[in-house]
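The next block holds one structure in the form of structure tokens; read it before the comments.
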Amino acid sequence: SEECVGIVTLPNQVKYKAVKRGFVFNLMVVGESGLGKSTLVDTLFLTNLYMDRHIPVASEKIARTVSITKSTVDIVEEGVNLRLTVIDTPGFGDALDNRESWKAALRYVNQQMVKYYKDEVGVNRQNIKDNRVHCCLYFISPHGHGLRPIDVKFMKALEQKVNIVPVLAKADSLTQKETRNMKAKILSEIHKHKIKIFQVPECDPDDNHLHRQQDLELKRSIPFAVVGSNTVIESNGRRVRARVYPWGTVEVENPAHSDFVHLRNMLICTHMQDLKHTTHHMLYENYRINHLCENLG
Ligand code: GDP
Ligand code: MG
């Protein structure tokens, strides 16, 4: 069986647009270096985004270590065209650089809103390119004890500008019980600090049972405990992505092993449009109104 990202399962309305004009989605990944960000993006979109497509954003080069990197790839499946851009902050590493790195990410998100606003009030507003960040996957280390102070600070700074989707990185390094505990701890800290993360919209009460069940499972998966891999193995006659260890194999798409499938479904199949909608109608609108008020006052 052919591996497939799943954009053909986008809702019809979105798909129609996607076929006609190409559908744009901008995803940012943040979190300290080594947490599996690049691997997960490649696993999600079955790409090798990090092989040769780096387009460094010149204006964003800060000092020597921190630079924002933008990679764009066109994913075409059965005539549906998704233009995916991934924004990465590779410098998010040693303690000294962390602050500069998250400032750079924040500044990037902000600049895209400014740019969109300028285009919108400009003369040629028919074909505005949407470079705003529609979703930010925030990687949380599996080795800590929940959120670190810098995670809290960073997420609080980002929440006004971008949809945050928290993920528990490298979940295969935790036991099932540890994963449950970590997820609970992270959620409770998110609540305690009143961090706004992307809310999966309430599902229509008239929806069928299966759909409501899927929605419930999706909500229960947050923060998604994820596993990434670029290794493909054969399992029960299917080619699947997995991490192979001396003691066994972790299958990325096996719901018993990780929440990867829930995250992918949410991002690609069920909620891509919601993420874009929230970006435009809530986050960007908020920016726009604040900007107008500032200029009036
Ligand atoms: P990044 O710096 O956050 O982009 O991390 P990378 O994707 O470059 O991965 C860093 C290292 O972690 C590599 O050796 C990966 O093979 C490994 N890695 C990536 N994802 C996972 C995962 O889900 N579980 C485990 N155990 N290792 C992973
Ligand atoms: Mg990376």
Side-chain angles (χ1 to χ4, degrees), residues 5 7 10 14 17-31 37-38 40-42 44-45 47 49-50 52-62 66-76 80-92 100-139 154-155 157-165 198 267-268 271-292:
V5 171
I7 55 175
L10 279 172
V14 177
K17 247 197 215 158
V19 173
K20 246 177 62 180
R21 291 201 307 235
F23 194 67
V24 171
F25 190 68
N26 305 322
L27 177 73
M28 178 178 254
V29 291
V30 299
K37 298 186 295 297
S38 306
L40 190 76
V41 164
D42 281 344
L44 280 168
F45 296 98
T47 53
L49 216 53
Y50 293 91
D52 53 20
R53 284 177 189 273
H54 283 320
I55 310 165
V57 182
S59 63
E60 276 305 315
K61 275 216 182 322
I62 293 164
V66 186
S67 67
I68 298 263
T69 320
K70 231 170 107 170
S71 319
T72 295
V73 63
D74 282 310
I75 300 169
V76 183
V80 182
N81 186 352
L82 171 71
R83 169 156 290 190
L84 169 76
T85 297
V86 177
I87 300 109
D88 196 355
T89 42
F92 206 116
E100 284 314 308
S101 178
W102 70 253
K103 274 187 205 153
L106 196 60
R107 196 172 315 134
Y108 181 87
V109 171
N110 217 14
Q111 278 175 348
Q112 306 321 307
M113 291 223 169
V114 174
K115 177 83 172 40
Y116 194 90
Y117 182 78
K118 282 188 180 148
D119 286 351
E120 213 179 41
V121 298
V123 189
N124 187 8
R125 42 181 297 182
Q126 292 308 316
N127 298 303
I128 303 177
K129 261 182 74 186
D130 187 6
N131 290 317
R132 292 169 301 183
V133 181
H134 301 121
C135 177
C136 172
L137 289 184
Y138 194 96
F139 284 67
F154 194 5
M155 285 200 224
L158 281 168
E159 66 175 16
Q160 299 295 329
K161 306 281 180 186
V162 69
N163 289 308
I164 301 175
V165 171
F198 174 64
L267 279 185
I268 298 167
H271 292 84
M272 188 177 267
Q273 184 57 18
D274 283 313
L275 287 160
K276 291 188 67 166
H277 190 271
T278 314
T279 303
H280 186 68
H281 292 283
M282 291 169 74
L283 299 161
Y284 172 70
E285 193 55 20
N286 197 36
Y287 160 81
R288 205 177 65 87
I289 288 168
N290 284 339
H291 186 84
L292 285 173

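Shown here are the salt bridge (Lys or Arg N to Asp or Glu O under 4.0 Å) partners of E285, two or more places apart in sequence or in another chain: R288. H291 pairs by the ring-ring contact (aromatic ring centres under 6.0 Å, His included) definition with Y117, Y287, not counting sequence neighbours. Taking the side-chain hydrogen bond (donor to acceptor under 3.5 Å, both in side chains) definition, one finds that N110 meets it with K161, sequence neighbours left out. Applying the side-chain hydrogen bond (donor to acceptor under 3.5 Å, both in side chains) criterion to D119, with sequence neighbours excluded, gives K115. Under the side-chain hydrogen bond (donor to acceptor under 3.5 Å, both in side chains) criterion, Q112 pairs with no residue, sequence neighbours left out. Partners of N290 under the side-chain contact (heavy atoms from CB on, under 4.5 Å) rule, at least two apart in sequence or in another chain, are N286.
Within the model, atoms NZ of K37 and CZ of F139 stand 7.0 Å from one another, a figure rounded to the nearest 0.5 Å. With rounding to the nearest 0.5 angstrom, the NZ atom of K70 is 7.5 Å from the CG atom of N26. To the nearest 0.5 angstrom, F23 atom CZ is 6.0 Å from M272 atom CE. Distance check: M155 CE to W102 CH2 gives 12.5 Å after rounding to the nearest 0.5 Å.
Between I87 and Y108 there is a side-chain heavy-atom pair separated by less than 4.5 Å. Residues Y138 and V165 are not in side-chain contact: their nearest non-hydrogen atoms beyond the backbone lie 4.5 Å or more apart. Within the 4.5 Å cutoff, side-chain heavy atoms of F45 are placed close to those of I75. The side-chain heavy atoms of L27 and L137, taken from C-beta on, include a pair separated by under 4.5 Å. Counting heavy atoms from C-beta outward, L158 and L106 have side chains that approach closer than 4.5 Å. Here the side chains of F25 and C135 are in contact, with some heavy-atom distance below 4.5 Å. Residues D88 and S38 have side chains in contact (heavy-atom distance under 4.5 Å, counting atoms from C-beta outward). For the pair L84 and V86, the minimum side-chain heavy-atom distance is below 4.5 Å.
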Where do E120 and I128 land on the side chain to side chain contact (heavy atoms under 4.5 Å, CB included) test, with the steps shown first? CA-CA 7 Å; E120 213 179 41; I128 303 177; 4.1 Å; yes
In a table with atom names and distances, give each donor-acceptor pair under 3.5 Å that connects a side chain of residues 274-283 to protein atoms at least two apart or in another chain.
from : atom 1 : to   : atom 2 : distance (Å)
K276 : NZ     : V24  : O      : 2.7
T278 : OG1    : D274 : O      : 2.7
T279 : OG1    : H134 : O      : 3.4
T279 : OG1    : N163 : ND2    : 3.2
T279 : OG1    : L275 : O      : 2.6
H280 : ND1    : R132 : NH1    : 3.0
H280 : ND1    : R132 : NH2    : 3.2

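The two residues Y116 and K129 have their closest heavy-atom pair at CD1-O, 4.1 Å. When all heavy atoms are compared, the tightest approach of R83 to T72 is CG-CG2, 3.8 Å.
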